[in-house]
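Working notes, beginning with the structure itself.
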Number of protein chains: 2
Amino acid sequence: MALGTDYARQDCSLARALEAIGERWTLLILRDCFFGVRRFTDLQDHLDISKAVLTQRLSTLVDTGLLEKSGGHKHGEYTLTEDAIALWPAMFALIKWGEQRWSPRGPRRIFSHAVCETDIATSGQCPTCGTIPPPGELQIRPGPGADPSVRSDPVSVALRSPRLLLQPLPVQR
Amino acid sequence: MALGTDYARQDCSLARALEAIGERWTLLILRDCFFGVRRFTDLQDHLDISKAVLTQRLSTLVDTGLLEKSGGHKHGEYTLTEDAIALWPAMFALIKWGEQRWSPRGPRRIFSHAVCETDIATSGQCPTCGTIPPPGELQIRPGPGADPSVRSDPVSVALRSPRLLLQPLPVQR
DNA sequence: CTGTATCCTTAAAGATACTG
DNA sequence: CAGTATCTTTAAGGATACAG
């Protein structure tokens, strides 16, 4: 965002949250991490973002304590910290809201509670066990609203197989 | 955001959502509307935002169908549409996440289920009735993490009295 | 009260080339 | 593979003055 990414003088937790994750691309980067993307190049390919911007965002996210980097300079991996994983309910709610408005053919992705084998509700609750499962217990698969024609890069292809959230995404190149 | 507010070629509802509410200030404007702020000047005073930016954001929000304007040119009022009210779970989750990380003295604002007179949990559920109350059934009051020293303008003062969400905020000038 | 209209400064983002 | 470095373009945001 131009001219400052902070919201000075706002006595509000929402402002603090947005200072951490409100910048352009940041939330999409974290979404990809939830989906198992961990490599710099994979993020770049999937997000269609410039290297410079991606570098800056990743560095900020590491500084803020939302991402952890491992693996050194080459073949490094970025993984979500506990603080970032705690963002899942907000991200899930945003995805659901986006679906209601802009996915007339239904959800693009469906989340289910792995242990109950039940698709979870819009509220985030599992209809079978009644809990709000943490992301690590969720499986993701393409839904009726998905549009495979949009993307055909290796990361997008890999993301189309059903899989657990937070698990590393194996990208075939 | 500089150079485009959209996320082209992202087959993802989160991207669509962010195109609508991801711009700087937009989510804070909607938050204020949930809290009952409805007037141009009140938003400007409370957000510490320039008129030009506020005008642009409000106009976009009306175009997107998230705000409705009534009252004509002067003394106009902006109110949330149903689509915007549906954003509450996401906004609530973001506020809670921000509190966990940046409000060590506890929540700045406490939400309670008006009919049950019970403070709602981090999950958004009312411990008494078990439901996830819609924003219209929520009351808001200052919490231990609030910092009244930050702001003393009329809007901030008015926001410090306990009140129902979505109800118009009476600002004394 | 609720905006428009201008001007100006800053920085955000893309493109491209280069590096350990 | 995972970035830096540089350059250029564009737009975002603040300030100020003005208007219906």
Side-chain angles (χ1 to χ4, degrees), chain A residues 1-10 18-19 22-26 28-29 32-33 37-63 67-79 153-155 168-173, chain B residues 1-10 18-19 22-26 28-29 32-33 37-63 67-79 153-155 168-173:
Chain A
M1 298 160 187
L3 295 182
T5 61
D6 62 327
Y7 299 98
R9 293 171 31 76
Q10 293 286 324
L18 291 175
E19 284 165 359
E23 258 190 324
R24 187 162 158 79
W25 295 116
T26 299
L28 293 184
I29 291 172
D32 273 13
C33 293
V37 183
R38 301 193 165 185
R39 304 278 295 276
F40 185 95
T41 310
D42 291 340
L43 287 167
Q44 200 207 341
D45 289 353
H46 189 235
L47 294 173
D48 220 7
I49 184 180
S50 86
K51 286 179 172 186
V53 175
L54 181 56
T55 300
Q56 194 270 323
R57 292 296 188 279
L58 289 173
S59 151
T60 300
L61 283 167
V62 169
D63 289 349
L67 286 183
E68 250 169 8
K69 186 177 178 181
S70 59
H73 189 63
K74 47 185 57 175
H75 271 250
E77 299 206 331
Y78 293 91
T79 50
D153 60 278
V155 181
L169 183 77
V171 179
Q172 310 291 334
R173 292 179 177 279
Chain B
M1 300 160 186
L3 295 181
T5 61
D6 62 327
Y7 298 99
R9 294 174 25 80
Q10 293 286 324
L18 290 175
E19 284 165 357
E23 256 190 325
R24 187 163 157 77
W25 296 115
T26 300
L28 294 183
I29 292 172
D32 273 12
C33 293
V37 183
R38 300 191 166 185
R39 303 277 296 276
F40 185 93
T41 310
D42 291 340
L43 286 167
Q44 200 207 341
D45 290 352
H46 189 236
L47 293 173
D48 220 7
I49 184 180
S50 85
K51 287 178 172 185
V53 175
L54 181 57
T55 301
Q56 194 270 321
R57 293 297 187 281
L58 289 173
S59 149
T60 300
L61 283 167
V62 170
D63 289 349
L67 286 184
E68 251 169 8
K69 187 176 178 182
S70 59
H73 189 62
K74 46 184 58 177
H75 270 250
E77 297 206 333
Y78 293 92
T79 51
D153 60 277
V155 181
L169 183 77
V171 179
Q172 310 291 334
R173 291 178 177 281

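Numbered from 1 within each chain, the chains take letters A, B, ... in sequence-line order. Just so it is clear, the structure is predicted and the values come from calculations on it, not from any experiment.
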Exercise. Report the distance from atom NZ of B/K69 to atom P of C/dT2, rounded to the nearest whole Å.
Key: 9 Å

Exercise. Take the protein atom CZ of B/R24 and the nucleotide atom P of C/dA13, then report the distance between them rounded to whole Å.
Key: 12 Å

Quiz prompt | A/L67 CG to D/dG3 P, straight-line distance once rounded to whole Å | solution = 12 Å

Quiz item: C/dA13 P sits how many Å from A/L54 CG, rounded?
Solution: 12 Å

Practice problem: Quickly work out the A/E23 CD to D/dA11 P distance and round it to whole Å. | Solution: 19 Å

Self-check item: Closest to side chain of B/T41, choosing from D/dG3, C/dG14, C/dC1
Solution: C/dC1

Exercise. Between A/Q56 and B/H75, just flag the one whose closest nucleotide in DNA chain C comes earlier from the 5' side.
Key: B/H75

Quiz item: In whole Å, what is the span from the CZ atom of B/R38 to the P atom of C/dG3?
Solution: 16 Å

Quiz item: Any side-chain N or O of B/K51 less than 4.0 Å from the OP1 or OP2 oxygen of D/dC18?
Solution: no

Quiz prompt | Nucleotide nearest A/V53 (side chain, heavy atoms from C-beta), chosen from C/dA13, D/dG14, C/dG3 | solution = C/dA13

Quiz item: Any donor and acceptor pair, going by atom type alone, linking the side chain of A/R24 with main-chain N or O of B/D6 inside 3.5 Å?
Solution: yes

Quiz item: Hey, is the side chain of B/Y78 poking within less than 4.0 Å of OP1 or OP2 on C/dG3, counting only N and O atoms?
Solution: yes

Exercise. Mind running side-chain contact (heavy atoms from CB on, under 4.5 Å) on B/F40 and B/T55 for me, showing each step along the way?
Key: CA-CA 8 Å; B/F40 185 93; B/T55 301; 3.6 Å; yes

Practice problem: Could you check how far CD1 of A/I49 sits from C1' of C/dT16, rounded to whole Å? | Solution: 17 Å

Quiz item: Are A/L169 and A/V155 side-chain neighbours, meaning at least one heavy-atom pair lies under 4.5 Å?
Solution: yes

Practice problem: Provide, to the nearest angstrom, the distance between the CZ atom belonging to B/R57 and the C1' atom belonging to C/dG3. | Solution: 16 Å

Quiz prompt | Any donor-acceptor N/O pair, A/T60 side chain to A/Q56 backbone, under 3.5 Å | solution = yes

Quiz item: Going by heavy atoms in the side chains, are B/R39 and B/V171 under 4.5 Å from each other?
Solution: no

Self-check item: Short side-chain N/O contact from A/R39 to OP1 or OP2 of D/dA2, under 4.0 Å
Solution: yes

Quiz item: Of all the choices, D/dA2, C/dG3, D/dT4, which nucleotide is nearest to the side chain of A/T55 once you look at every atom?
Solution: D/dT4

